[in-house]
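Counting convention: from 1, in listed order, for ligands and their atoms alike.
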Amino acid sequence: MRTPVYMDYHATTPVDPRVVEAMLPYFGQTFGNAASRNHVFGWEAEAAVEEARHRIASAMGAADKEIVFTSGATESDNLAVLGAARLLKQKGNHVVTGATEHHAVLDACKALEREGFEVTVLPTDPTGRIDADRVQDALTDRTILVTIMLANNEIGTIHPIASIGRVCHERGVLFHTDAVQGFTKIPFDVGTMRVDLASVTAHKVYGPKGIGALYVRGKGPRVRLAPLFHGGGHERGLRSGTLNVPGIVGFAAAVEIALAERDDEMRRLRLLRRRLHEGIRARVEDVRCNGAPLPEIDGSGNLAPGEEERRLPGNLNLSFAGVEGEALLMDLKGLAVSSGSACTSASIEPSHVLKALGVSDELAHASIRFGLGRFSTEEEVDFSSETVDAAVHRLRASALDRG
Ligand code: PLP
């Protein structure tokens, strides 16, 4: 086992070696510009892009021409939120989002406020979930867009996207979802879930960094957006800029592998996560699990009858009472995990997601996000519980000495 042990798969994932293999020819051999219409270099690159577009579209139940390639989900979120709102501003000026959204969505909404739009930020329930009824109650005659994520990147909470989609569709309001953390990890289909816009990115699904996509509904209704970039008119005018051919090919390869392995991987991750949670709880007292409770599972990792997937299978977010957060992270050097704090230029701020759940600042700082993924093993999980056990006990003991 190599240390530090990587348990931060929500932040990013390593590129799967099968994906690297698929990408390699597109750096040297087939290097053409997919927009070059006059020679075979361009045609080959374009063919690779179109094949990849088809695979990514199929993975979410979309048509090929509904996929727009971007530089990643930050751009996709901005294009969806700003692009839709700006185009619809004659129709209305109200946008609805959730308190635990990624900053790519929240800050795009703040930019809209500066442009004169009104934004409602919905609170969540204590598990981090926003129900469709709450969305429905927030809609007004001026609402043009709702943006609620598929699954949260800190606590893994899965929102009821299909019900929210139905509510929005009935009211004729566009529905965007940041599907970054859930795409290829849990079922996601833009048709049955009535999603109009969806952001995805390759580096969370064992593909390369710097490539993402936005699903833009083509009919029923056809969604129109004001582009953010102006230039060569690529991607049907929605995203000018030379296409990242190796990235696009890698993204499609990554999506295909992840989908083929998804159900087995969900079971494996549920088992690993339970092992991690139980391992920590058996050793350490006063541990609080943030987000939705872990589901009951059987010995093969299947959900028990009546259980619903309310949380990404690879996510665990724990708070350790009586421990100073920064000291905890310093003590966990053998583990690559994330804390419930974010450094801003001025200070260390508790995570806005944990705050939205009502977690105190103190407990938010003493929180750890564990993200399990494709290359996580039982050995790594056991090492993690032992490492956390040692660190928390040491810190609690020294707090007692001081106290
Ligand atoms: N949305 C969510 C939920 C994320 O977790 C991330 C990644 O941190 C992003 C958006 C931004 O994605 P990207 O890194 O591709 O810009």
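Cation-pi contact between Arg374 and Tyr206: present, with separation from the ring centre below 6.0 Å and deviation from the ring axis of at most 45°.
Sorted by first and then second residue, the salt bridge (charged side-chain N to carboxylate O under 4.0 Å, His left out) pairs involving residues 158-172 (not counting sequence neighbours) form an empty list.
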Next on the checklist: Run the side-chain hydrogen bond (donor to acceptor under 3.5 Å, both in side chains) test on Ser76 and Ser199 for me, step by step, so that the C-alpha distance in whole Å, both residues' side-chain angles and the decisive distance to 0.1 Å come before the verdict.
Outcome noted: CA-CA 5 Å; Ser76 300; Ser199 306; 4.7 Å; no
Checklist entry - Can you list the steps and then say if Glu380 with Arg2 is a salt bridge (Lys or Arg N to Asp or Glu O under 4.0 Å)? => result CA-CA 9 Å; Glu380 289 182 345; Arg2 243 177 53 192; over 6 Å; no
Next on the checklist: What verdict does the salt bridge (Lys or Arg N to Asp or Glu O under 4.0 Å) test give for Arg18 and Glu261, after you've listed the backbone C-alpha separation in whole Å, the side-chain angles of each residue and the deciding distance to 0.1 Å?
Outcome noted: CA-CA 13 Å; Arg18 294 167 286 182; Glu261 298 178 353; 2.9 Å; yes
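Look at Glu309 and Arg270 and you find a salt bridge, because one of the NZ, NE, NH1 or NH2 atoms lies within 4.0 Å of a carboxylate O, short of that distance.
Contact residues for ligand 1 (protein heavy atom closer than 4.0 angstrom to any ligand atom): Gly72, Ala73, Thr74, Asp77, His102, Met149, Asn153, Asp178, Val180, Gln181, Thr201, His203, Lys204.
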